[in-house]
Undergrad: 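I have a structure here, written as structure tokens, and I will follow up with some questions on it.
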Amino acid sequence: MAASVDSAQTGRLPAPRPGPPPWVAMYHSVGDCSDDPYRITVTPERLGRQLAWLRRRGLRGVSVADLLTARARDGGHGLVGLTFDDGYADFVTDALPLLRRWNCGATLFVLPGRLGGDNAWDPLGPRKPLLSADGVRQAAAQGVEIGSHGLTHVDLTRVDDATLKAETVESRALLEELTGARVEGFCYPYGTVDARAVEAVREAGYAYACAIDPGPLTGPHTLPRVHVGQNDTTWRLYLKHRLHRLRRRPVEGL
């Protein structure tokens, strides 16, 4: 599986060229989706078909760091970003083998304040175990980009200044200590973002950050993403991929 060679060597991502926001897919858990009120789970079979569809169309999934590096160099044609939020334990057991099979990379956004815990922030649905520290290191050792999802999965638009700093600055420091690599990416829990949260993420030293649909805030620290779920057949993926460029206008810095 492709690793983030350029960003690892330089320590920073190159400045992206102007253009439409990159196509970045948002996943969460990979496993049994029979009880899935938040639509955060895809089965391994569905993920495998989705990755196969990408390759048949001449596309390859990569980490966000690799995608932005490629866009800054040559436009990143044929590349799409693959992100997995929350750091579920099933990433290593169910998602990673499929990513290797289809020669795809990915970014895994984890919560260093909840390592070895579960998705306690979800009041409905089953408890899903999160990766331990060893699981995160295992993913990183296999070329997965590790990014921060904050410390504990809280809405950054609703916290005080001290908590905001801890969720951005401390989470990054803990992950860099854990993996021994620079952490370039951040992901806003729940996808909620405002100007204050963006500034905190930027000041914490992240090169980029992922949201969901940040609207006018869209930029390098508020990259929009496309939710991909169990109901996304190859036809639906085709439509989402085609509509992305129509829905997203070019933004400075992207």
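All values below come from the heavy atoms of this structure, side chains included, with hydrogens, waters and symmetry mates left out.
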Undergrad: Parallel, tilted or perpendicular, judged at 30° and 60°: which one describes the rings of F91 and F84?
TA: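 F91 vs F84 ring planes: perpendicular.
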
Undergrad: For side-chain contact (heavy atoms from CB on, under 4.5 Å), just list the numbers for Y208 and V64, CA-CA rounded to whole Å, side-chain angles, deciding distance to a tenth of an Å, and then say yes or no.
TA: CA-CA 9 Å; Y208 74 86; V64 179; 3.4 Å; yes

Undergrad: To the closest 0.5 Å, what do you measure between NE2 (H227) and NE2 (H28)?
TA: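 One finds 7.0 Å between NE2 of H227 and NE2 of H28.
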
Undergrad: Please round to the nearest 0.5 Å and tell me the distance separating atom CD1 of I146 and atom CG of L175.
TA: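 I146 CD1 to L175 CG: 7.5 Å, rounded to 0.5 Å.
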
Undergrad: So, does N119 use its side chain to make a donor-acceptor pair with the main chain of W121 at under 3.5 Å?
TA: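 The answer is no, because no donor-acceptor pair under 3.5 Å joins these two groups.
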
Undergrad: Looking only at non-hydrogen atoms, find the nearest pair between E145 and T107 and report the distance.
TA: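 So the two residues come closest at OE1-OG1, 2.5 Å.
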
Undergrad: For the pair T83 (side chain) and A25 (backbone), establish whether a donor and an acceptor sit closer than 3.5 Å, ignoring hydrogens and angles.
TA: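 Confirmed, T83 side chain pairs with A25 backbone.
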
Undergrad: Rounded to the nearest 0.5 Å, how far apart are CZ of R137 and CD of Q142?
TA: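 If we round to the nearest 0.5 Å, R137:CZ and Q142:CD are 14.0 Å apart.
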
Undergrad: Are V136 and V92 joined in one hydrophobic group, where the rule is that I, L, V, M, F, W and Y side chains link up if heavy atoms are under 4.5 Å apart?
TA: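 Yes: a chain of side-chain contacts under 4.5 Å links V136 to V92.
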
Undergrad: Can you measure from CZ (R60) to CG (N103) and round to the nearest 0.5 angstrom?
TA: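 Output value for this atom pair is 5.5 Å.
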
Undergrad: Measuring from atom CG of L151 to atom CG of L115, what distance do you get when rounded to the nearest 0.5 angstrom?
TA: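 So the gap between those two atoms works out to 9.5 Å.
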
Undergrad: Under the side-chain hydrogen bond (donor to acceptor under 3.5 Å, both in side chains) rule, what do S132 and D134 come out as? Steps first, then yes or no, please.
TA: CA-CA 5 Å; S132 65; D134 285 341; 5.1 Å; no

Undergrad: Hey, is the main chain of T93 close enough, under 3.5 Å, to the side chain of D90 for a donor-acceptor pair?
TA: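 Between the backbone of T93 and the side chain of D90 there is no qualifying donor-acceptor contact (under 3.5 Å).
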
Undergrad: Would you confirm whether D86, through its side chain, and Y88, through its main-chain N or O, come within 3.5 Å as a donor-acceptor pair?
TA: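 Flag not set: sc D86 to bb Y88 has no pair under 3.5 Å.
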
Undergrad: Please lay out, stage by stage, how T233 and W53 fare under the test side-chain contact (heavy atoms from CB on, under 4.5 Å).
TA: CA-CA 9 Å; T233 61; W53 175 84; over 6 Å; no

Undergrad: Please tell me if the side chains of P189 and L156 come closer than 4.5 Å, counting only heavy atoms from C-beta onward.
TA: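 Yes; the side chains approach each other to less than 4.5 Å.
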
Undergrad: Heavy atoms, side chains only, cut-off 4.5 Å: are Y38 and D122 in contact?
TA: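 Y38 reaches D122 side chain to side chain.
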
Undergrad: Test of understanding: clusters of I, L, V, M, F, W, Y form through side-chain heavy atoms closer than 4.5 Å, transitively. Do V193 and V201 belong to the same one?
TA: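 Yes; V201 is reachable from V193 via cluster members.
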
Undergrad: Kindly give the heavy-atom pair with the smallest separation between P112 and G150, and that separation in Å.
TA: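 For P112 versus G150, the nearest heavy atoms are CD-O, 3.2 Å.
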
Undergrad: Mind running side-chain contact (heavy atoms from CB on, under 4.5 Å) on V154 and R158 for me, showing each step along the way?
TA: CA-CA 8 Å; V154 296; R158 296 175 177 268; over 6 Å; no

Undergrad: Got a donor-acceptor contact below 3.5 angstrom from the E167 side chain to the T152 backbone?
TA: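 Yes, the answer is positive, given that a donor and an acceptor are paired below the 3.5 Å cut-off.
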
Undergrad: When you look at T157 and D194, which way does the side-chain hydrogen bond (donor to acceptor under 3.5 Å, both in side chains) test go after all the steps?
TA: CA-CA 6 Å; T157 68; D194 59 14; 4.8 Å; no

Undergrad: Begin with the C-alpha distance, continue with both residues' side-chain angles, and end with the deciding distance and a verdict on side-chain hydrogen bond (donor to acceptor under 3.5 Å, both in side chains) for T69 and D66.
TA: CA-CA 5 Å; T69 297; D66 280 347; 5.2 Å; no

Undergrad: Give the cluster check for Y190 versus L130: same hydrophobic cluster or not, with ILVMFWY residues linked at side-chain heavy-atom distances below 4.5 Å.
TA: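 Yes, Y190 and L130 fall within the same hydrophobic cluster.
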
Undergrad: Answer yes or no: is there a side-chain heavy-atom contact under 4.5 Å between L51 and L82?
TA: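 A side-chain contact exists here, since the closest heavy-atom pair is under 4.5 Å.
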
Undergrad: Would you name the heavy atoms of V226 and W23 that are closest together and state the gap between them?
TA: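 Smallest interatomic distance, heavy atoms only, reads CG2-NE1, 3.9 Å.
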
Undergrad: Closer than 4.0 angstrom, basic N to acidic O: yes or no for R196 and D161?
TA: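 Looking at R196 and D161, the cut-off is met.
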
Undergrad: Between the main-chain N or O of K165 and the side-chain N or O of E203, is there a donor-acceptor pair closer than 3.5 Å?
TA: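 Between the backbone of K165 and the side chain of E203 there is no qualifying donor-acceptor contact (under 3.5 Å).
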
Undergrad: On the six-membered ring of F186, is R172 placed so that its NZ or CZ lies under 6.0 angstrom from the centre and within 45° of the ring axis?
TA: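 No, a cation-pi geometry is absent between R172 and F186.
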
Undergrad: Carefully, step by step, assess L178 and V110 under the rule side-chain contact (heavy atoms from CB on, under 4.5 Å).
TA: CA-CA 12 Å; L178 175 65; V110 302; over 6 Å; no

Undergrad: Are the side chain of H149 and the backbone of C187 linked by a donor-acceptor contact shorter than 3.5 Å?
TA: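 Yes, the answer is positive, given that a donor and an acceptor are paired below the 3.5 Å cut-off.
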
Undergrad: Side chain of Y206, backbone of T168: donor and acceptor closer than 3.5 Å?
TA: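 Yes: the side chain of Y206 pairs with the backbone of T168.
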
Undergrad: Between D36 and I40 (side chain of the first, backbone of the second, donor and acceptor by atom type, cut-off under 3.5 Å), is there such a pair?
TA: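 Yes, the answer is positive, given that a donor and an acceptor are paired below the 3.5 Å cut-off.
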
Undergrad: So if you build clusters from Ile, Leu, Val, Met, Phe, Trp, Tyr with side-chain heavy-atom gaps below 4.5 Å, do L59 and L237 land together?
TA: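 As far as the 4.5 Å side-chain criterion goes, L237 and L59 are connected within one cluster.
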
Undergrad: Indicate the atoms forming the closest heavy-atom contact of R55 with C104, along with that distance.
TA: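 Result for this residue pair: CD-SG, 4.3 Å.
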
Undergrad: Testing the basics here: between T41 and Q230, what is the closest heavy-atom pair and its distance to 0.1 Å?
TA: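 Heavy atoms of T41 and Q230 come nearest at O-CB, 3.7 Å.
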
Undergrad: Provide the closest heavy-atom pair for F109 versus S148 in the form atom of the first, atom of the second, distance.
TA: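 Minimum heavy-atom contact is CD2-O, 3.6 Å.
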
Undergrad: For D35, enumerate each residue passing the side chain to side chain contact (heavy atoms under 4.5 Å, CB included) test, keeping only those at least two apart in sequence or located in another chain.
TA: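 Once residues adjacent in sequence are excluded, the partners of D35 under the side chain to side chain contact (heavy atoms under 4.5 Å, CB included) criterion are P37, P126.
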
Undergrad: Taking 4.0 angstrom as the limit, do R202 and E199 come out as a salt bridge?
TA: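 Judged by the 4.0 Å cut-off on N to carboxylate O distance, R202 and E199 do form a salt bridge.
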
Undergrad: Working to the nearest 0.5 Å, report the span between OG of S29 and CZ of R39.
TA: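 If we round to the nearest 0.5 Å, S29:OG and R39:CZ are 14.5 Å apart.
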
Undergrad: When you check the gap from the basic side-chain N to the acidic O, do R225 and D85 get nearer than 4.0 Å?
TA: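 Yes, R225 and D85 are salt-bridged.
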
Undergrad: Is there a path of hydrophobic side-chain contacts, each under 4.5 Å between heavy atoms, that joins L99 and V80?
TA: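 Yes, it is one cluster - the side chains of L99 and V80 are joined through contacts under 4.5 Å.
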
